[in-house]
Amino acid sequence: MASPEERYNFRETEAKWQKTWASRDSFKVEEGSSKPKYYVLEMFPYPSGRLHMGHVRNYTLGDVVARYKKARGFNVMHPMGWDAFGLPAENAALERGVHPGKWTRQNIAIMREQFGPLGLSLDWSREITSCEPDYYKHEQKMFLDFLKAGLAYRKESWVNWDPVEHTVLANEQVIDGKGWRSGADVEQRKLNQWNLKITHYAEDLLKSIEGLDRWPDKVRLMQHNWIGRSEGARVTWPLVNADGKDRGEMLEVFTTRPDTLFGASFCAISAQHPLAATLAENNPALADFIADCGKSGTSTAAIETAEKKGFDTGLRARHPFDPAKTVPVYVANFVLMAYGSGAIFGCPGHDERDMEFARKYHLPVRCVVAPVGEDPEAFAAKLESGTIAFTDDGVAINSDFLNGLKVDAAKRAAVEKLESLGLGKGTVQYRLRDWGVSRQRYWGCPIPIIHCESCGAVPVPDKDLPVTLPEDVTFDKPGNPLERHPTWKHVSCPACAKPAVRETDTFDTFFESSWYFARFCSPHVADRPFNEVEAMKWLPVDQYIGGVEHAVLHLLYSRFFTRAMSDCGYLNLKEPFAGMFTQGMVCHETYRAADGAWLEPGAVTKHGETATYNGQPVTVGRSEKMSKSKKNTVDPQHILDTFGADAARLFVLSDSPPDRDLEWTDAGIEGAWRYLNRLWRLASAAEDIPGDAMPAVLDPSVEPVRRQIHRTIAAVGEDLEKFRFNSAVARIRELTNTLADMKRDVIGGNAIYRFGLETVAQLINPLTPHISEEIWQALGNGAILTETAWPSFDPALLEDDTVTIAVQVNGKLRGTITVAKTADKAALETAALALQPVQKQLEGKAPKKVIIVPGKIVNIVAG
RNA sequence: GCGGGUAUGGCGGAAUUGGUAGACGCGCCUGACUCAAAAUCAGGUUCCUCUGGAGUGGGGGUUCGAGUCCCUCUACCCGCACCA
C-alpha cells in the first residue's frame with residue numbers, strides 16, 4: 001500500500017475493481033440459487049447520449065440497495081436497459097439529418113460507456129433495448145391479445161392537432177393554445193385512435209393502492225385522486241322542442257348531487273356532445289359557438305381564467321320528478337365531453353359553477369339545501385339573492401318528498417325514486433379515462449393492424465409479426481414518414497387478400513415501459529415476452545426507484561399492464577412494484593448576465609454571496625432543477641474524471657435525504673473527496689499493525705470504541721433499510737472520527753483499530769464500493785468485499801454500562817449526571833439534587849415534585 | 001379553487017414512543033507545519049446585553065417537560081384543475 005502522504009489514486013483503484021467484478025461476474029443473477037430473491041430496479045433511462053446528475057443519483061440509490069441486499073444474503077437481480085423510442089430521436093433527424101435509429105443506437109453505446117465508471121452492480125447480461133424488434137414484437141402480440149380480450153378498442157376521439165407539424169400533441173405540448181414547436185394555433189380534431197381500457201380496472205386499481213404499503217403516501221394519494229372515484233347518478237331528461245312538443249329523445253346527465261334535482265334551473269351539454277352537432281346543422285350561430293369552444297380548449301392557464309359561456313339551444317328538458325316543469329338546454333364551454341355523459345343539470349344554489357352561469361344568463365336560483373340549525377326561509381332568501389352557492393351538508397327543503405332529509409339520505413332517496421320511475425340509475429363515475437395509445441410518429445412501435453375497405457381493422461396475423469419499422473424514411477417534410485413511405489403501408493388484407501393499408505400510427509412510448517420490468521426476468525426468450533415461471537419468481541420488483549414525475553402515468557400504466565397481461569394468460573399478478581421510492585431532483589444555483597442570458601456555473605467567478613462573469617456583475621438566482629435551458633448543469637463526466645465515482649456517489653448520498661432535492665455544490669463534492677482521502681490515510685496507518693488477536697479484556701479507553709463499532713453496525717443497517725443514506729454516512733463518519741482519535745498503544749488498541757477500519761470498509765461498501773474493496777484488501781482480507789456477508793453486531797454491546805442523564809429544574813436543563821444503568825430512582829434523585837446549579841435554582845427550598853424517568857431524565861419542579 | 005407537503009445555526013440537514021435541540025458535513029475563525037500556497041493536523045463556531053438569558057416560521061394551548069401533540073395564522077413547494 002502507498003505511504004500515508006500519497007493521495008488516494010482513484011483512477012487506478014476504481015478501474016481495477018470494476019475489472020475484477022466484471023471478470024468474476026459478481027453481479028450476475030445466481031441461477032438455481034437457494035437464496036431468497038431480491039429485484040432492484042431503477043427506471044430505465046431514455047438514451048439521450050448524455051449522462052446527467054439525475055441519472056447519477058437515481059442509479060447510485062439503486063446500487064446501494066442492490067449491494068446491501070447482496071451482502072445481506074439475497075440473490076439480487078439488478079438489470080439495466082434502454083427506453084429507446086421517443087421524440088428526441090425524430091427531432092435529431094429533423095435538425096441534423098441523422099436517422100433516428102442510428103442516432104439512438106449511437107447514444108446507447110455512448111451511455112453504456114458512461115455508466116461503466118460509476119461502478120454500478122448491474123447485470124449487463126440482461127440488457128434490453130426497447131426500439132429493437134426483438135423487444136417490441138412482443139408488445140405487438142400483447143396488443144392483439146388485449147384486442148381479443150376486449151381491453152383494446154378503436155374509437156374516434158378528440159385530440160390536439162398541430163396543423164404545421166401534422167401531428168397530435170400531448171396536453172403538455174400545447175402552450176397557451178399553440179404548438180410548442182411550431183407555435184401554430186392548435187386545433188381540436190377528431191381522430192380514430194386506439195385505446196387501452198384502463199377504466200376496466202379502475203375500481204381494482206383504486207382499491208389495491210391500499211395494499212401498496214411500501215409506496216410513498218404522496219404517490220398513492222396522487223394515483224387515488226387521478227382515478228377519482230365519485231358516486232352519483234345518471235339521470236335522463238326527456239327533451240322538448242321549442243314548440244313545446246316532445247322530441248322523443250332523452251338527455252342523459254351525470255350528477256353527484258341527485259338530492260338537489262328540485263333546484264335545477266337548466267341543463268348544459270358539452271360543445272362536443274353529439275346533440276350539439278345535430279342541432280348545429282341548421283343553426284349557424286350555434287355552429288360558430290361550438291367552433292369557438294374548440295379553440296380556447298386545452299391550455300391549463302386558459303381554462304382557469306376562461307369565462308363561462310353558454311348558447312341557448314331553444315330545446316327544453318322535462319324534469320324527471322315534475323313532468324310539468326321544463327328547463328332550458330344550453331351548450332356550455334365548461335362542460336367536458338370526456339367526463340360522465342358530457343351533459344349536466346345545473347343547480348345554481350348548490351354548485352359554484354352553476355351559480356356563475358345562472359347569474360350571467362339570468363336563470364332562477366332555487367335553494368333546496370339549508371344548513372342544519374339555521375332558519376330555512378331566511379337562509380333561502382339570502383342564498384337566492386346572492387352569488388355564493390351553498391355546497392356543504394344540510395337538510396333538504398323545497399324538495400317535495402326529500403324535505404327534511406340530510407344530504408346523504410336525500411341522495412339515496414332521490415336515486416331510489418329515479419330508478420323506480422325508470423329515469424335514472426345510481427352509478428359510480430371515475431375521472432380516469434381510457435389510455436389513447438396512437439401517436440402519429442415514426443420512432444415508435446408500429447401498431448400491428450391492417451385497414452381493409454371491406455374487412456375493417458384486421459389484426460396482423462401472428463406469422464407476420466413483428467411489423468418492423470422501415471429504415472428508408474425521410475424527414476424532409478413535416479408529418480409522419482410512415483404515412484408517405486412509397487411501399488411500406490401497402491399490403492394485402494390478411495382476411496380477404498384485397499389491397500389494404502397498414503396502420504401508420506405507432507404506440508405511445510409509455511407502452512414499452514409498461515412491461516419492461518417483466519422482460520428483464522427472461523430477456524432472451526424469443527417466442528414470448530417473458531417466461532412465466534421466471535416472471536413469477538422475480539416479480540414483483542422488490543424495490544423500484546425513480547423520479548416523482550412518473551408518480552401517476554408510468555406507474556399506473558404498469559399496474560394496468562400487469563393486470564391486463566395476467567388476464568391474457570401471460571402471468572398471474574396484479575402489482576408489479578412492491579416497493580417504490582421517488583427520489584428528489586438534483587438542483588444548482590442559476591446565474592444570469594446583465595442582459596438576462598443564462599450563464600454556466602463554470603463561467604462564473606464567485607465572491608462569497610456575489611458573482612461576476614468577465615468582470616461584469618452576475619445575478620445569482622435561486623437553486624433550480626438542473627436543466628439545459630438554464631445552463632445550471634454540472635457534467636458528471638467531469639466530476640468522475642476529477643474526483644472519481646466513489647466521491648460522486650458519496651456526495652449524492654450525503655447531506656440530503658434521497659427523497660428531497662439535492663443541492664449540487666463544488667464544496668460538497670470536495671468534502672466527499674477529502675473524506676475518502678482521510679479514510680485512506682487511516683487505513684494506510686493500520687496496514688503495518690500486526691493482526692493482534694482480540695484480548696479478552698480491553699483497556700478502559702478502548703472498550704467504548706468497541707461498543708461504538710457494534711452500535712454503528714446496527715444503526716447503519718437500519719438506516720440503509722429505511723433509505724436514510726445521509727444518516728448512514730453520518731454514522732460512518734462518526735465512527736471514523738473516533739478511530740482517528742483513539743489510543744492504540746494500549747491493551748486491545750490495535751485489534752480494535754483494525755476491527756473498526758474493517759467495519760467501516762464493510763459498512764461503506766454499498767456507498768463507495770471501490771475504495772472499500774481496496775481498504776479491505778490492504779488490511780489483508782483475501783476475499784472480495786463485494787462477495788462478503790454484511791457484518792453482524794452483538795446486541796449485548798450496543799449500550800454502555802453507564803448512562804448520562806439530563807437534570808432539569810422546571811423543564812430547563814441545569815446539568816447532567818452519569819450513573820450506572822441500573823441506578824434506581826432514589827439514587828438518581830440524590831445525585832440530581834446534589835448538583836450545584838440545581839441547589840442554586842432551588843434556593844434552599846425543598847422541591848415540590850421530582851419526575852424521574854430512569855435512563856432518560858430527572859425533572860425537578862421547584863416551588 | 002381543491003388536495004397534499006415543508007418550515008430547525010451563515011448553508012445542507014440530525015434528533016426512538018413528548019425527555020440533554022443543532023449529530024454529521026459544508027462554510028467561516030484561530031493556531032501548527034510551510035519562504036509561501038495547497039494539502040494535512042489541533043482547537044473553536046445557534047444567538048444575546050454572557051456567573052445569566054433567549055431559541056426549532058408567527059400567535060395561542062395541553063404537559064413536570066413540546067422541534068415532536070392540538071388550535072390558528074403566514075410563507076414556500078408539489079399534484080389536480082370548470083371531473084358536475
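Letters A, B, ... are given to chains in the order of the sequence lines, protein chains preceding strands, and every chain is numbered from 1.
- Atom C1' of nucleotide B/A21 and atom CD of A/Gln808 are separated by 12 Å, given to the nearest angstrom.
- Among the nucleotides B/G13, B/U20, B/C26, the one closest to the side chain of A/Pro657 is B/G13.
- Whole-Å rounding puts the A/Leu221 CG to B/G79 P distance at 13 Å.
- Side-chain N/O atoms of A/Ser230 include one lying less than 4.0 angstrom from OP1 or OP2 on B/A84.
- Atom pair A/Leu679:CG and B/C24:C1' shows a separation of 15 Å (rounding to whole Å applied).
- Look at NZ on A/Lys722: it is 14 Å from P on B/A14, rounded to the nearest Å.
- Residue contacts for A/Ser656: at a heavy-atom cut-off of 4.0 Å it reaches the sugar-phosphate backbone alone, with no base atom in range.
- A 3.5 Å limit on both hydrogen-bonding distances identifies no Watson-Crick or G-U partner for B/A21.
- Contact between the side-chain N/O atoms of A/Arg678 and the OP1/OP2 oxygens of B/A39 is not found at any separation under 4.0 Å.
- Atom CD of A/Gln223 sits about 9.5 Å away from atom CG of A/Leu553, to the nearest 0.5 Å.
- Residue-level contact check: A/Arg814 touches the backbone only, with heavy atoms under 4.0 Å from sugar-phosphate atoms and none from bases.
- In this structure, A/Thr816 reaches the bases: a heavy-atom distance under 4.0 Å links it to at least one base atom across the strands shown.
- In this structure, B/C41 forms a base pair with B/G31, meeting either the Watson-Crick or the G-U wobble geometry with both donor-acceptor distances under 3.5 Å.
- Base engagement by A/Arg431 is indicated by at least one non-hydrogen atom pair under 4.0 Å involving a base atom.
- Its glycosidic angle being more than 90° from 0, B/G58 falls on the anti side.
- Remark on RNA chain B: of its neighbouring residues A/Gln841 and A/Met337, the 5'-side contact belongs to A/Gln841, judged by nearest-heavy-atom nucleotide.
- A 3.5 Å limit on both hydrogen-bonding distances identifies B/C26 as the Watson-Crick or G-U partner of B/G10.
- Within 4.0 Å (heavy atoms only), A/Asn726 reaches sugar-phosphate atoms of the nucleic acid but no base atom.
- Computed from coordinates, the A/Glu663 CD to B/G27 C1' distance equals 14 Å when rounded to whole Å.
- For the pair A/Lys308 and A/Phe334, the cation sits on the ring face: its NZ or CZ lies under 6.0 Å from the ring centre, inside 45° of the axis.
- Remark: B/C76 base-pairs with B/G5. Criterion, Watson-Crick or G-U wobble with two distances under 3.5 Å.
- Of the side-chain N and O atoms in A/Tyr339, one or more sit less than 4.0 angstrom from OP1 or OP2 of B/A84.
- Taking 4.0 Å as the cut-off between side-chain N and carboxylate O, A/Lys411 and A/Glu231 do not count as a salt-bridged pair.
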- Message: side chain to side chain donor-acceptor pair (under 3.5 Å) for A/Tyr339 and A/Ser230? Distances and angles first, verdict last.
- Response: CA-CA 11 Å; A/Tyr339 187 77; A/Ser230 39; 3.0 Å; yes
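- Atom-to-atom, CG of A/Asp655 to P of B/C24 comes out at 13 Å; the value is rounded to the nearest Å.
- Side-chain to base pairing of A/Lys848 with B/C64: no donor and acceptor N or O lie closer than 3.5 Å to each other.
- Across the strands present, B/A84 finds no partner; the criterion is a Watson-Crick or G-U wobble pair with both atom distances under 3.5 angstrom.
- Projected onto RNA chain B by closest heavy-atom contact, A/Lys840 and A/Arg731 fall at different nucleotides, the more 5' of which corresponds to A/Arg731.
- Taking atom CG on A/Asp659 and atom P on B/A14, their separation rounds to 9 Å, with Å as the unit.
- The existence of a salt bridge linking A/Glu829 and A/Lys825 is excluded, since no basic side-chain nitrogen approaches an acidic carboxylate oxygen closer than 4.0 Å.
- Residue A/Arg674 places at least one side-chain N or O under 4.0 Å from the OP1 or OP2 atom of B/G27.
- Looking at heavy-atom distances under 4.0 Å, A/Asn737 makes contact with sugar-phosphate atoms alone, never a base.
- Comparing atom distances between the A/Asn859 side chain and each of B/G65, B/A14, B/C41 picks out B/G65 as nearest.
- Within the 4.0 angstrom heavy-atom criterion, base atoms lie near A/Val335.
- With both pairing distances under 3.5 Å, B/U56 is matched to nothing as a Watson-Crick or G-U wobble pair.
- Between A/Leu206 and A/Leu432, every side-chain heavy-atom pair lies at or beyond the 4.5 Å cut-off.
- When both distances must be under 3.5 Å, the Watson-Crick or G-U wobble mate of B/G67 does not exist.
- The nearest whole Å value for the distance from the CD atom in A/Glu670 to the C1' atom in B/C26 is 10 Å.
- One finds no side-chain N or O of A/Lys218 lying less than 4.0 angstrom from the OP1 or OP2 phosphate oxygen of B/G3.
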